[in-house]
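Here's the structure we're looking at; comments come further down.
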There are 2 protein chains.
Amino acid sequence: MPQSARASTSSRDKLHLDSFVPYRLSVLSNIVSMSIAHTYEREFGLSIPEWRVIAVLARYPNLSAIEVAERTAMDKVAVSRAVQSLLAARRLVRTYDKGDRRRSMLRLSAAGRAVYTRIAPLALGYERKLLNALSASDRRALDRLIGRLMERARLLDHLDGKGS
Amino acid sequence: MPQSARASTSSRDKLHLDSFVPYRLSVLSNIVSMSIAHTYEREFGLSIPEWRVIAVLARYPNLSAIEVAERTAMDKVAVSRAVQSLLAARRLVRTYDKGDRRRSMLRLSAAGRAVYTRIAPLALGYERKLLNALSASDRRALDRLIGRLMERARLLDHLDGKGS
DNA sequence: TTGCGATAGTTTCAATTGTAACCATTGAAG
DNA sequence: CTTCAATGGTTACAATTGAAACTATCGCAA
């Protein structure tokens with residue numbers, strides 16, 4: 001079998017990490033996340049999960065833990081831990097649903113809201129500085145592209161393999 | 001003090017996780033990475049760091065551990081661990097530089113190359129399926145946008161705060 | 001030579017995270 | 001009324017990761 005097409009690594013099978021989109025996305029996302037995370041860790045002792053919980057509760061008060069998980073793309077264990085440390089820091093108030101006592105109802109305390117109103121501008125400021133690298137139309141394009149890719153990635157994920 | 005402008009969260013300070021670019025990037029990147037990681041974990045028992053080391057050594061043989069770290073955006077501890085488990089699995093060969101015996105020289109064994117030639121097409125196949133969500137010109141745009149953002153993110157990172 | 005700061009890489013220990021098992025409550029079925 | 005599967009959430013334990021300290025070698029200087 002001379003230069004078998006099956007066994008040889010044809011040029012289109014070559015993978016350059018530098019131009020491999022999943023790799024590039026991962027590196028970009030890590031730099032960005034760590035940059036922001038560093039800000040609110042330093043200033044408020046918040047971890048990323050904690051910050052996400054605060055952000056979503058600022059927008060949608062009285063969610064249950066599971067609803068928070070859905071909106072933040074975290075799993076319920078991560079939410080549970082973030083909620084516990086936020087409760088301990090008195091940045092959150094938890095009550096339980098009358099009529100379904102499994103269901104918690106979470107909202108920010110005054111202290112929690114204060115944290116939010118101080119961090120949100122920092123986070124948005126970082127985003128703005130980041131997006132300054134792009135023209136207005138590029139920014140719109142970016143949004144659209146991320147949306148499309150997210151949709152497709154979820155589809156692929158559910159189609160094959162781990163579609164639990 | 002009726003609707004104090006200072007204390008209230010003005011509309012441009014509001015942060016919607018759903019439209020916050022750093023958050024969207026992070027979610028997208030996680031879905032994508034885990035989807036691919038799942039494939040090579042299942043089929044070859046490779047972790048993400050191990051896969052990255054293999055990918056870069058397939059392209060550039062005889063790198064030292066630190067050079068691998070630079071090209072994969074991993075830190076040297078992660079590289080050290082990945083290298084150890086790849087050595088144990090006999091997928092890597094390590095020699096030491098004559099003349100500087102601190103410096104290792106890493107390259108794939110035959111088994112390592114075999115793993116590479118089987119995974120690379122899977123990874124590229126995934127990328128292709130993902131990018132099928134986009135037109136050719138959108139794909140070019142995506143590449144350009146990621147590049148610009150990466151550059152800007154690194155700049156911002158080094159400017160302020162943690163510029164170690 | 002000896003000494004010393006820098007570089008390559010490893011080890012150690014603590015913190016974070018992920019998985020699975022678990023407890024409590026609910027709702028519906030018998 | 002019991003029983004039992006499903007749901008909300010927590011706990012326990014193992015695996016991963018990160019930061020800092022450590023070892024070994026090198027290059028240069030006195």
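Just so it is clear: chains get the letters A, B, ... in the order the sequence lines come, proteins before strands, and each one is counted from 1. Since the model is a prediction, treat every value here as computed from it, not as a measurement.
Between dA8(C), dT10(C), dT11(D), one nucleotide has an atom nearer to the side chain of V77(A) than all others, and that is dT11(D). With dG9(D), dT26(C), dT19(C) as the choices, the nucleotide that has an atom nearest any side-chain atom of D100(A) turns out to be dT26(C). Comparing atom distances between the S104(B) side chain and each of dG9(C), dA24(C), dT19(C) picks out dG9(C) as nearest. Across dG8(D), dA8(C), dG18(C), the shortest atom-to-atom separation from the side chain of R103(A) is found for dG8(D).
With respect to R24(B) and D18(B), no salt bridge is recorded, no charged nitrogen being found less than 4.0 Å from a carboxylate O.
What separates CD of E41(B) from P of dT16(D) is a distance of 9 Å, to the nearest Å. Rounded to whole angstrom, the span from the CE atom of M74(A) across to the P atom of dT10(D) amounts to 12 Å. In this structure, CG of D75(A) is placed 15 Å from P of dG8(D), rounded to the nearest angstrom. For the pair L87(B) CG and dG9(C) P, the interatomic distance rounds to 12 Å; values are reported in whole Å. Distance, I48(B) CD1 to dT17(D) P: 8 Å, rounded to whole Å. If you measure from atom CG of L92(B) to atom P of dG9(C), you get 12 Å, rounded to the nearest angstrom. Atom CD of E50(B) and atom C1' of dT16(D) are 12 Å apart (whole Å). Regarding E67(B), its CD atom lies at a distance of 15 Å from the P atom of dT7(C), rounded to whole Å.
Taking OH of Y60(A) as the start and CZ of R71(A) as the end, the distance is 4.5 Å to the nearest 0.5 Å.
Between V115(B) and Y40(B), every side-chain heavy-atom pair lies at or beyond the 4.5 Å cut-off. Considering only heavy atoms from C-beta on, T39(B) stays 4.5 Å or farther from I119(B) through its side chain.
In this structure, P49(A) and R101(A) both approach DNA chain C, and ranking their closest nucleotides by distance from the 5' end singles out P49(A). Mapping R94(A) and R102(A) onto DNA chain D by nearest heavy atom places R102(A) closer to the 5' end of the strand.
The side chain of S64(A) places no N or O atom within less than 4.0 Å of a non-bridging phosphate oxygen (OP1 or OP2) of dG8(D). At the phosphate of dG9(C), neither OP1 nor OP2 sits under 4.0 Å from any side-chain N or O atom of S80(B). Not one side-chain nitrogen or oxygen of Q84(A) sits closer than 4.0 Å to the OP1 or OP2 atom of dG9(D).
Judged by distance alone, the side chain of Q84(B) and the main-chain N or O of R81(B) form no donor-acceptor pair under 3.5 Å.
For R81(A) and dG18(C), a side-chain-to-base donor-acceptor distance below 3.5 Å is present, hydrogens and geometry of angles not being considered.
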